[in-house]
Amino acid sequence: MDFNVTILGYNSAVPTAHSHPTAQLVDVKGTTLLIDCGEGTQIQIRKSKTKFSKLNQIFISHLHGDHVFGLVGLISTLQLLGRNKSLEIFGPVGIKNFINHQLSLTNAYQNFELIFHELNSDVSELIFENKKLKVYTIPLRHRFYCNGFLIQEKEGLRHLNMQAILQIPEIETCDYYKIKQGFDFVRANGEVIPCAKLTFPPEPARSYAFCSDTMYHPAIVPIIENVDLLYHEATFSKALKNLAKKTGHSTAEQAAQIAKQAQVSKLIIGHFSNRYKNPQVLLDEAKEIFAETYLPKTLESISIPQKKR
Ligand SMILES: [Zn+2]
């Protein structure tokens, strides 16, 4: 089953003709989440050929414009398209006012409910869960309150060991689902056959961590440890380390250090300052520390492959 991250935009504050501010779609087995919503995100969603109707949860890292200015436009479009199901928005305290104020000033009538989940915790917390995934916050250190998001796939069902199953005649086909869920089987004589004897483990769950915007903040390492894919901002090169700290951002070297400490499988860097006409310099810097570093491409869909059990 699929686990894909589509980079809709990865630019820093100022949009350019060929790059867009931060926004990503994360699709886990058919559940599609939008993370951040910089200006123009709805056009990028169109280009990605994702149906607006698939969006039910939006996660906003912080209230800087390059991460949120596209949200009211997207909500307005959803309304024009006749949406009637509710939409959940997770973001810092203030986001409800920020959106409702704009909707009210523009006299926008909403035919669907906006459910705001305002965040203010400084510790990682579970903020959303469905049958397929969980979303946790990753408290970041920026110029003001900001969260990254950890998306964890839930483990699937266990796999039946048919050779073992067929040796227990009382097990009927209708028992399979419970066994796959992890329940032991109790024979008519009361003997308990442990589930582990009747099944193989499911494929390991996959995970993705989005960390933007933040200065170098090793406190996030335990939260993002061993993720399959990490997106970490790398606004500056190490030559501008002081400026990075002052503005609440990271260098490419620091992003790579976080990836290395957390032993992630793969790192994508982004949110580059416009001063870097070619981000290769940032990639080279990061790769010196963490070889599995890559540059994002707009509208590229990155697949996290199913891991072997
Ligand atoms: Zn910011």
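Quantities reported herein were computed from a predicted structural model and do not represent experimental measurements. Counting starts at 1 for both ligands and their atoms, following the listed order.
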Does a sphere of radius 6.0 Å around CZ in Arg83 hold more than 12 heavy atoms from other residues, nucleotides or ligands, not counting ones at 6.0 Å or beyond?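 Count over threshold, so yes.
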Can you tell whether the side chains of Arg206 and Glu153 come within less than 4.0 Å, N to carboxylate O?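 Counted as a salt bridge, because a side-chain N and a carboxylate O are separated by less than 4.0 Å.
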For Ser61 and Asn147, test the side chains for any donor-to-acceptor distance below 3.5 angstrom and give the result as yes or no.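 Short answer, no.
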Mind checking whether the Zn ion (ligand 1) has an N, O or S of His62 under 2.8 Å?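 Checking the Zn ion (ligand 1) against His62, an N, O or S atom does fall under 2.8 Å.
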With under 30° as parallel and over 60° as perpendicular, where do the rings of His67 and His62 fit, or are they tilted in between?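 Tilted, since the angle between the ring planes falls between 30° and 60°.
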Of all the N, O or S atoms in [X], which has the shortest distance to the Zn ion (ligand 1)?
X      : value
Asp213 : OD2
His142 : NE2
His64  : ND1

